[in-house]
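Below you'll find the structure, written out as C-alpha coordinates, and then a few comments.
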Amino acid sequence: MSLARRVSEVSESITLAVSSKAAALRKAGVDVVGFGAGEPDFDTPEFIKDAAVAALAKGQTKYTPTPCFPELEEAISRKFKRENGLDYSPAQVTTGAGGKFCLYLAFQALVEPGDEVIIPAPYWVSYPEQVKLSGGKSVFVRGEESRGFKITPEQLEAAITPKTKVMLINSPSNPAGHAYAPAELKALAEVVGRHPQVWVFSDEIYEKLVYGGMTSVSFATLHPDLFRRTVTFGCHSKSFAMTGWRVGYAGGPKEVIDAMNKLQGQMTSHITSFAQIPAAVALDDARGGESIEGMRKEFEKRGVHMWKRLSELPGVTCVKPQGAFYCFPNVGKHFGKSAGGVKLTDAVSFSSALLEQAHVAVVPGNDSGFETHVRLSFATSMEQIDKGIDRVGEWLGRLS
Ligand SMILES: Cc1ncc(COP(=O)(O)O)c(C=O)c1O
(Lines give C-alpha, C1' and ligand atoms only; values in the text may rest on other atoms or scores of the structure.)
Protein backbone atom coordinates (compact mmCIF):
# COMPACT_ATOMS: atom_id res chain seq x y z
CA MET A 1 0.00 0.00 0.00
CA SER A 2 1.39 3.43 -0.79
CA LEU A 3 0.53 5.72 2.09
CA ALA A 4 1.18 9.44 1.89
CA ARG A 5 4.79 10.42 2.61
CA ARG A 6 3.81 12.54 5.60
CA VAL A 7 2.83 9.40 7.49
CA SER A 8 6.32 7.93 7.28
CA GLU A 9 7.87 11.29 8.10
CA VAL A 10 6.06 11.52 11.43
CA SER A 11 7.71 9.49 14.20
CA GLU A 12 5.92 6.83 16.14
CA SER A 13 5.67 7.90 19.75
CA ILE A 14 8.15 6.10 22.04
CA THR A 15 5.99 7.26 24.95
CA LEU A 16 3.04 5.31 23.61
CA ALA A 17 5.24 2.28 22.96
CA VAL A 18 6.34 2.28 26.62
CA SER A 19 2.79 2.70 27.91
CA SER A 20 1.44 -0.10 25.74
CA LYS A 21 4.21 -2.41 26.95
CA ALA A 22 3.37 -1.45 30.55
CA ALA A 23 -0.33 -2.05 29.84
CA ALA A 24 0.45 -5.50 28.39
CA LEU A 25 2.46 -6.42 31.50
CA ARG A 26 -0.37 -5.23 33.76
CA LYS A 27 -2.85 -7.26 31.75
CA ALA A 28 -0.67 -10.29 32.33
CA GLY A 29 -1.03 -9.68 36.07
CA VAL A 30 2.32 -7.95 36.73
CA ASP A 31 2.32 -5.21 39.39
CA VAL A 32 3.82 -2.33 37.36
CA VAL A 33 4.63 1.01 39.01
CA GLY A 34 3.75 3.60 36.38
CA PHE A 35 5.65 6.89 36.21
CA GLY A 36 4.68 7.41 32.59
CA ALA A 37 1.42 9.32 32.99
CA GLY A 38 1.25 12.80 31.54
CA GLU A 39 -1.97 13.60 33.35
CA PRO A 40 -3.14 14.45 36.88
CA ASP A 41 -4.22 11.45 38.94
CA PHE A 42 -7.04 13.65 40.35
CA ASP A 43 -10.57 13.53 38.98
CA THR A 44 -12.25 16.48 37.25
CA PRO A 45 -13.87 18.66 39.98
CA GLU A 46 -17.53 17.79 40.62
CA PHE A 47 -18.89 21.24 39.73
CA ILE A 48 -17.43 20.93 36.23
CA LYS A 49 -18.90 17.46 35.77
CA ASP A 50 -22.25 18.78 37.03
CA ALA A 51 -22.13 21.50 34.37
CA ALA A 52 -21.63 18.82 31.71
CA VAL A 53 -24.61 16.84 33.01
CA ALA A 54 -26.67 20.05 32.88
CA ALA A 55 -25.45 20.76 29.33
CA LEU A 56 -26.55 17.30 28.24
CA ALA A 57 -29.91 17.72 29.97
CA LYS A 58 -30.38 21.02 28.13
CA GLY A 59 -29.80 19.26 24.84
CA GLN A 60 -26.41 20.74 24.01
CA THR A 61 -25.72 17.73 21.87
CA LYS A 62 -25.75 19.25 18.39
CA TYR A 63 -23.27 21.13 16.21
CA THR A 64 -22.15 24.43 17.68
CA PRO A 65 -20.53 27.41 15.98
CA THR A 66 -16.84 27.05 15.04
CA PRO A 67 -14.82 27.08 17.24
CA CYS A 68 -17.34 27.10 20.15
CA PHE A 69 -20.28 28.87 21.83
CA PRO A 70 -19.61 32.59 22.42
CA GLU A 71 -19.93 31.99 26.19
CA LEU A 72 -16.69 30.01 26.12
CA GLU A 73 -14.83 32.54 24.00
CA GLU A 74 -15.92 35.23 26.45
CA ALA A 75 -14.81 33.18 29.47
CA ILE A 76 -11.39 32.56 27.89
CA SER A 77 -11.04 36.23 27.04
CA ARG A 78 -11.86 37.13 30.68
CA LYS A 79 -9.40 34.51 31.95
CA PHE A 80 -6.55 35.88 29.81
CA LYS A 81 -7.24 39.43 31.06
CA ARG A 82 -7.70 38.51 34.72
CA GLU A 83 -4.92 35.96 35.15
CA ASN A 84 -2.38 36.73 32.43
CA GLY A 85 -2.67 40.45 31.81
CA LEU A 86 -3.43 39.70 28.15
CA ASP A 87 -6.12 41.80 26.55
CA TYR A 88 -7.46 39.35 23.96
CA SER A 89 -11.03 40.11 22.86
CA PRO A 90 -13.38 37.10 22.42
CA ALA A 91 -12.64 37.30 18.68
CA GLN A 92 -8.95 36.86 19.47
CA VAL A 93 -9.34 33.51 21.16
CA THR A 94 -10.11 30.07 19.86
CA THR A 95 -10.58 26.56 21.17
CA GLY A 96 -9.55 23.15 19.92
CA ALA A 97 -9.47 19.48 20.87
CA GLY A 98 -6.81 19.94 23.52
CA GLY A 99 -3.84 22.25 23.62
CA LYS A 100 -2.33 19.79 21.16
CA PHE A 101 -4.79 20.54 18.36
CA CYS A 102 -4.57 24.29 19.00
CA LEU A 103 -0.79 24.07 18.52
CA TYR A 104 -1.27 21.99 15.38
CA LEU A 105 -3.66 24.59 13.95
CA ALA A 106 -1.27 27.42 14.74
CA PHE A 107 1.65 25.68 12.99
CA GLN A 108 -0.61 25.03 10.02
CA ALA A 109 -1.73 28.65 10.00
CA LEU A 110 1.71 30.25 10.10
CA VAL A 111 4.50 27.92 9.01
CA GLU A 112 5.39 27.48 5.34
CA PRO A 113 7.63 24.73 3.94
CA GLY A 114 11.23 25.70 4.60
CA ASP A 115 10.44 27.96 7.57
CA GLU A 116 12.49 27.35 10.69
CA VAL A 117 10.93 26.82 14.11
CA ILE A 118 13.17 27.19 17.15
CA ILE A 119 12.46 24.58 19.81
CA PRO A 120 14.34 24.62 23.12
CA ALA A 121 15.40 21.09 24.14
CA PRO A 122 14.36 19.12 26.08
CA TYR A 123 10.96 19.49 24.44
CA TRP A 124 7.49 18.00 24.41
CA VAL A 125 7.49 15.15 21.89
CA SER A 126 4.77 16.52 19.62
CA TYR A 127 6.38 19.86 18.69
CA PRO A 128 8.85 18.57 16.08
CA GLU A 129 6.22 16.25 14.61
CA GLN A 130 3.74 19.10 14.25
CA VAL A 131 6.46 21.24 12.67
CA LYS A 132 7.13 18.41 10.16
CA LEU A 133 3.42 18.26 9.33
CA SER A 134 3.51 21.95 8.47
CA GLY A 135 6.55 21.46 6.20
CA GLY A 136 8.74 23.49 8.54
CA LYS A 137 12.17 22.65 9.92
CA SER A 138 12.82 22.32 13.65
CA VAL A 139 15.94 24.03 14.97
CA PHE A 140 16.77 22.68 18.42
CA VAL A 141 18.49 24.80 21.03
CA ARG A 142 19.84 22.72 23.89
CA GLY A 143 19.07 23.76 27.45
CA GLU A 144 21.90 22.19 29.41
CA GLU A 145 21.19 20.27 32.59
CA SER A 146 23.82 22.40 34.38
CA ARG A 147 21.61 25.45 33.72
CA GLY A 148 18.43 23.70 34.79
CA PHE A 149 17.60 22.88 31.14
CA LYS A 150 17.00 26.55 30.31
CA ILE A 151 18.33 28.16 27.17
CA THR A 152 20.17 31.48 27.31
CA PRO A 153 19.47 34.69 25.36
CA GLU A 154 22.84 34.21 23.61
CA GLN A 155 21.87 30.74 22.41
CA LEU A 156 18.54 32.05 21.17
CA GLU A 157 20.16 34.96 19.32
CA ALA A 158 22.60 32.57 17.64
CA ALA A 159 19.78 30.27 16.48
CA ILE A 160 17.71 32.98 14.78
CA THR A 161 18.20 33.22 11.01
CA PRO A 162 16.27 35.08 8.27
CA LYS A 163 14.28 31.85 7.86
CA THR A 164 13.12 31.72 11.50
CA LYS A 165 9.35 31.95 11.58
CA VAL A 166 8.47 30.82 15.10
CA MET A 167 10.20 30.49 18.43
CA LEU A 168 8.49 28.05 20.73
CA ILE A 169 8.65 28.43 24.47
CA ASN A 170 7.15 26.04 27.00
CA SER A 171 7.36 27.11 30.63
CA PRO A 172 6.69 25.28 32.95
CA SER A 173 7.97 22.47 30.84
CA ASN A 174 7.24 18.93 29.85
CA PRO A 175 9.44 16.81 30.13
CA ALA A 176 12.04 18.44 32.38
CA GLY A 177 9.78 20.16 34.93
CA HIS A 178 11.79 23.36 34.65
CA ALA A 179 10.21 26.81 34.67
CA TYR A 180 11.78 30.10 33.63
CA ALA A 181 11.74 32.91 36.18
CA PRO A 182 10.05 36.08 34.83
CA ALA A 183 13.43 37.83 34.42
CA GLU A 184 14.83 34.87 32.46
CA LEU A 185 11.83 34.90 30.12
CA LYS A 186 12.10 38.65 29.71
CA ALA A 187 15.70 38.28 28.57
CA LEU A 188 14.51 35.85 25.87
CA ALA A 189 11.67 38.21 24.93
CA GLU A 190 14.20 41.02 24.41
CA VAL A 191 16.00 38.85 21.85
CA VAL A 192 12.82 37.98 19.93
CA GLY A 193 11.80 41.63 20.14
CA ARG A 194 14.84 42.52 18.01
CA HIS A 195 13.72 40.18 15.18
CA PRO A 196 10.42 41.43 13.77
CA GLN A 197 9.87 38.39 11.51
CA VAL A 198 9.82 35.96 14.45
CA TRP A 199 6.56 34.78 15.99
CA VAL A 200 6.31 33.22 19.43
CA PHE A 201 4.22 30.22 20.37
CA SER A 202 4.04 30.30 24.15
CA ASP A 203 2.79 26.99 25.49
CA GLU A 204 1.60 27.92 28.98
CA ILE A 205 -0.55 24.90 29.67
CA TYR A 206 1.25 24.11 32.96
CA GLU A 207 1.14 27.75 34.12
CA LYS A 208 -0.64 26.96 37.39
CA LEU A 209 1.66 24.13 38.42
CA VAL A 210 4.73 25.95 39.76
CA TYR A 211 6.71 25.24 42.92
CA GLY A 212 9.20 26.73 45.34
CA GLY A 213 7.73 30.23 45.07
CA MET A 214 8.14 30.34 41.26
CA THR A 215 5.62 32.53 39.43
CA SER A 216 4.30 32.14 35.90
CA VAL A 217 4.22 35.07 33.53
CA SER A 218 2.82 35.23 30.01
CA PHE A 219 5.48 35.71 27.33
CA ALA A 220 3.33 38.13 25.31
CA THR A 221 3.41 40.65 28.19
CA LEU A 222 7.19 40.85 28.30
CA HIS A 223 7.99 43.10 25.34
CA PRO A 224 5.89 45.85 23.76
CA ASP A 225 6.16 44.30 20.30
CA LEU A 226 5.38 40.73 21.28
CA PHE A 227 1.65 40.89 21.97
CA ARG A 228 1.03 41.21 18.24
CA ARG A 229 3.28 38.32 17.28
CA THR A 230 2.65 35.80 20.03
CA VAL A 231 0.10 33.03 20.19
CA THR A 232 -0.53 31.95 23.80
CA PHE A 233 -1.74 28.42 24.48
CA GLY A 234 -3.66 27.05 27.44
CA CYS A 235 -5.84 24.06 28.17
CA HIS A 236 -8.12 22.51 30.73
CA SER A 237 -6.30 19.17 30.63
CA LYS A 238 -3.70 19.73 33.31
CA SER A 239 -5.20 22.62 35.32
CA PHE A 240 -8.62 21.09 35.84
CA ALA A 241 -7.70 17.40 35.47
CA MET A 242 -9.71 17.27 32.24
CA THR A 243 -7.35 15.45 29.87
CA GLY A 244 -10.08 13.28 28.37
CA TRP A 245 -12.43 16.19 27.69
CA ARG A 246 -10.12 17.55 24.99
CA VAL A 247 -10.46 21.25 25.67
CA GLY A 248 -7.63 23.56 24.73
CA TYR A 249 -7.53 27.21 23.79
CA ALA A 250 -5.32 29.90 22.33
CA GLY A 251 -5.20 33.67 22.18
CA GLY A 252 -3.43 35.79 19.60
CA PRO A 253 -3.73 38.33 16.82
CA LYS A 254 -7.14 38.13 15.15
CA GLU A 255 -5.73 37.27 11.72
CA VAL A 256 -4.04 34.15 13.09
CA ILE A 257 -7.04 33.14 15.19
CA ASP A 258 -9.31 33.59 12.13
CA ALA A 259 -6.94 31.40 10.12
CA MET A 260 -6.97 28.71 12.82
CA ASN A 261 -10.79 28.83 12.88
CA LYS A 262 -10.94 28.60 9.11
CA LEU A 263 -8.81 25.44 9.19
CA GLN A 264 -10.73 24.00 12.12
CA GLY A 265 -13.98 24.61 10.24
CA GLN A 266 -12.82 22.05 7.67
CA MET A 267 -11.34 19.64 10.17
CA THR A 268 -13.16 19.02 13.46
CA SER A 269 -15.57 22.01 13.28
CA HIS A 270 -15.49 22.57 17.05
CA ILE A 271 -14.87 20.91 20.37
CA THR A 272 -17.50 18.62 21.90
CA SER A 273 -20.74 20.56 22.37
CA PHE A 274 -21.44 19.55 25.99
CA ALA A 275 -17.83 20.25 27.08
CA GLN A 276 -18.06 23.91 26.11
CA ILE A 277 -20.18 25.48 28.86
CA PRO A 278 -18.46 23.34 31.56
CA ALA A 279 -15.14 24.62 30.21
CA ALA A 280 -16.39 28.20 30.62
CA VAL A 281 -17.67 27.43 34.13
CA ALA A 282 -14.27 25.94 35.08
CA LEU A 283 -12.55 29.21 34.17
CA ASP A 284 -15.10 31.54 35.77
CA ASP A 285 -16.01 29.74 39.00
CA ALA A 286 -13.81 30.36 42.05
CA ARG A 287 -13.93 26.63 42.81
CA GLY A 288 -11.78 26.10 39.70
CA GLY A 289 -8.92 28.09 41.21
CA GLU A 290 -9.35 26.33 44.56
CA SER A 291 -9.12 22.88 43.03
CA ILE A 292 -6.02 23.82 41.02
CA GLU A 293 -4.34 25.13 44.17
CA GLY A 294 -5.19 21.91 46.01
CA MET A 295 -3.58 19.85 43.24
CA ARG A 296 -0.59 22.19 43.03
CA LYS A 297 0.19 21.82 46.74
CA GLU A 298 -0.03 18.05 46.56
CA PHE A 299 2.13 17.90 43.42
CA GLU A 300 4.75 20.10 45.08
CA LYS A 301 5.08 17.71 48.05
CA ARG A 302 5.33 14.71 45.75
CA GLY A 303 7.75 16.43 43.37
CA VAL A 304 10.16 17.38 46.16
CA HIS A 305 9.96 13.86 47.58
CA MET A 306 10.55 12.18 44.22
CA TRP A 307 13.44 14.52 43.42
CA LYS A 308 15.12 13.82 46.80
CA ARG A 309 14.78 10.09 46.36
CA LEU A 310 16.05 10.16 42.76
CA SER A 311 19.02 12.33 43.73
CA GLU A 312 20.07 9.71 46.29
CA LEU A 313 20.29 6.94 43.69
CA PRO A 314 23.83 5.94 42.65
CA GLY A 315 24.99 7.43 39.34
CA VAL A 316 21.83 9.55 38.94
CA THR A 317 21.60 13.34 38.89
CA CYS A 318 18.31 15.20 38.94
CA VAL A 319 17.37 18.87 38.62
CA LYS A 320 14.75 19.91 41.18
CA PRO A 321 11.39 20.35 39.41
CA GLN A 322 10.01 23.88 39.44
CA GLY A 323 6.82 23.19 37.53
CA ALA A 324 4.51 20.71 35.76
CA PHE A 325 4.65 17.22 37.33
CA TYR A 326 7.84 15.68 36.04
CA CYS A 327 11.34 14.81 37.21
CA PHE A 328 13.89 14.32 34.43
CA PRO A 329 16.89 12.50 35.91
CA ASN A 330 20.12 11.83 34.04
CA VAL A 331 20.83 8.09 34.03
CA GLY A 332 23.61 8.23 31.41
CA LYS A 333 26.30 7.11 33.89
CA HIS A 334 24.77 3.63 33.74
CA PHE A 335 25.12 3.28 29.98
CA GLY A 336 27.65 0.65 28.98
CA LYS A 337 26.51 -1.59 31.87
CA SER A 338 24.41 -4.73 31.45
CA ALA A 339 21.05 -5.52 32.96
CA GLY A 340 20.15 -9.21 32.93
CA GLY A 341 22.24 -9.73 29.79
CA VAL A 342 20.88 -6.59 28.05
CA LYS A 343 23.41 -3.83 27.28
CA LEU A 344 22.19 -0.37 28.28
CA THR A 345 23.07 2.08 25.51
CA ASP A 346 20.59 4.91 25.79
CA ALA A 347 17.41 5.97 27.58
CA VAL A 348 15.28 3.63 25.45
CA SER A 349 17.22 0.47 26.31
CA PHE A 350 17.41 1.67 29.94
CA SER A 351 13.63 2.24 30.19
CA SER A 352 12.79 -0.97 28.42
CA ALA A 353 15.05 -3.11 30.68
CA LEU A 354 13.77 -1.27 33.78
CA LEU A 355 10.19 -2.03 32.79
CA GLU A 356 10.82 -5.66 31.96
CA GLN A 357 13.07 -6.48 34.89
CA ALA A 358 11.96 -4.16 37.72
CA HIS A 359 8.42 -3.41 36.53
CA VAL A 360 8.74 0.36 36.66
CA ALA A 361 7.51 2.42 33.70
CA VAL A 362 9.40 5.62 32.85
CA VAL A 363 9.54 7.58 29.59
CA PRO A 364 12.87 7.68 27.73
CA GLY A 365 14.06 11.20 26.87
CA ASN A 366 15.08 10.31 23.29
CA ASP A 367 11.91 11.79 21.78
CA SER A 368 12.57 14.97 23.76
CA GLY A 369 16.12 15.41 22.48
CA PHE A 370 17.86 13.90 25.54
CA GLU A 371 19.08 10.31 25.16
CA THR A 372 20.66 10.29 28.62
CA HIS A 373 17.54 11.20 30.58
CA VAL A 374 14.24 9.61 31.52
CA ARG A 375 10.99 11.28 32.55
CA LEU A 376 9.13 10.27 35.69
CA SER A 377 5.73 11.73 36.38
CA PHE A 378 4.86 12.46 39.99
CA ALA A 379 1.15 12.53 39.20
CA THR A 380 0.86 9.43 41.36
CA SER A 381 0.68 8.67 45.08
CA MET A 382 3.57 8.97 47.56
CA GLU A 383 3.30 5.21 48.15
CA GLN A 384 3.77 4.49 44.45
CA ILE A 385 6.67 6.97 44.28
CA ASP A 386 8.46 5.19 47.15
CA LYS A 387 7.67 1.73 45.86
CA GLY A 388 8.84 2.57 42.33
CA ILE A 389 12.05 4.30 43.37
CA ASP A 390 12.90 1.48 45.80
CA ARG A 391 12.64 -0.86 42.82
CA VAL A 392 14.78 1.40 40.59
CA GLY A 393 17.47 1.59 43.31
CA GLU A 394 17.50 -2.15 43.80
CA TRP A 395 17.67 -2.73 40.01
CA LEU A 396 20.53 -0.23 39.57
CA GLY A 397 22.43 -2.14 42.24
CA ARG A 398 22.16 -5.27 40.15
CA LEU A 399 23.69 -3.75 36.99
CA SER A 400 27.08 -5.08 36.05
C1 LIG B 1 3.90 20.82 26.86
C2 LIG B 1 2.57 20.33 26.43
N3 LIG B 1 1.85 21.07 25.57
C4 LIG B 1 0.63 20.68 25.14
C5 LIG B 1 0.08 19.49 25.57
C6 LIG B 1 -1.29 19.10 25.07
O7 LIG B 1 -2.23 18.95 26.05
P8 LIG B 1 -3.73 18.59 25.72
O9 LIG B 1 -3.84 18.36 24.27
O10 LIG B 1 -4.05 17.40 26.54
O11 LIG B 1 -4.54 19.79 26.13
C12 LIG B 1 0.79 18.66 26.45
C13 LIG B 1 0.25 17.37 26.89
O14 LIG B 1 0.89 16.55 27.48
C15 LIG B 1 2.07 19.10 26.91
O16 LIG B 1 2.77 18.39 27.78
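Note that ligands are numbered from 1 as they come in the structure, with each ligand's atoms numbered from 1 the same way. Since this is a predicted model, take the numbers as computed values, not measurements. Numbers for residues simply follow the sequence, beginning at 1.
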inquiry  = Going by the rule ring-ring contact (aromatic ring centres under 6.0 Å, His included), which residues pair with Phe69 if we only count those two or more places apart in sequence or in a different chain?
reply    =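 Partners of Phe69 under the ring-ring contact (aromatic ring centres under 6.0 Å, His included) test: none.
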
request  = Could you tell me whether the side chain of Gln155 and the main chain of Arg142 form a donor-acceptor pair under 3.5 Å?
outcome  =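 Looks like yes, one N/O pair under 3.5 Å.
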
task = Show the protein residues that qualify under the rule heavy atom under 4.0 Å from an atom of ligand 1, listing them in chain and number order.
result =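 Close residues (ligand 1, cut-off 4.0 Å): Gly98, Gly99, Lys100, Trp124, Tyr127, Asn170, Asn174, Asp203, Ile205, Tyr206, Cys235, Ser237, Lys238, Arg246.
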
request  = Could you verify whether a donor N or O on one side chain and an acceptor N or O on the other, from Glu204 and Ser202, lie under 3.5 Å apart?
outcome  =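 Glu204 vs Ser202: donor-acceptor pair found between side chains.
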
task = Could you name each residue pair satisfying side chain to side chain donor-acceptor pair (under 3.5 Å) that touches residues 95-121, not counting sequence neighbours?
result =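 Qualifying pairs: Glu116-Thr161.
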
ask   = Between Arg302 and Glu298, is the closest basic N to carboxylate O distance under 4.0 Å?
value =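 Counted as a salt bridge, because a side-chain N and a carboxylate O are separated by less than 4.0 Å.
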
message = Once side-chain contact (heavy atoms from CB on, under 4.5 Å) is applied, do any residues pair with Glu184, and if so which ones, sequence neighbours excluded?
response =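 Here the qualifying residues are Lys150, Tyr180, Ala181.
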
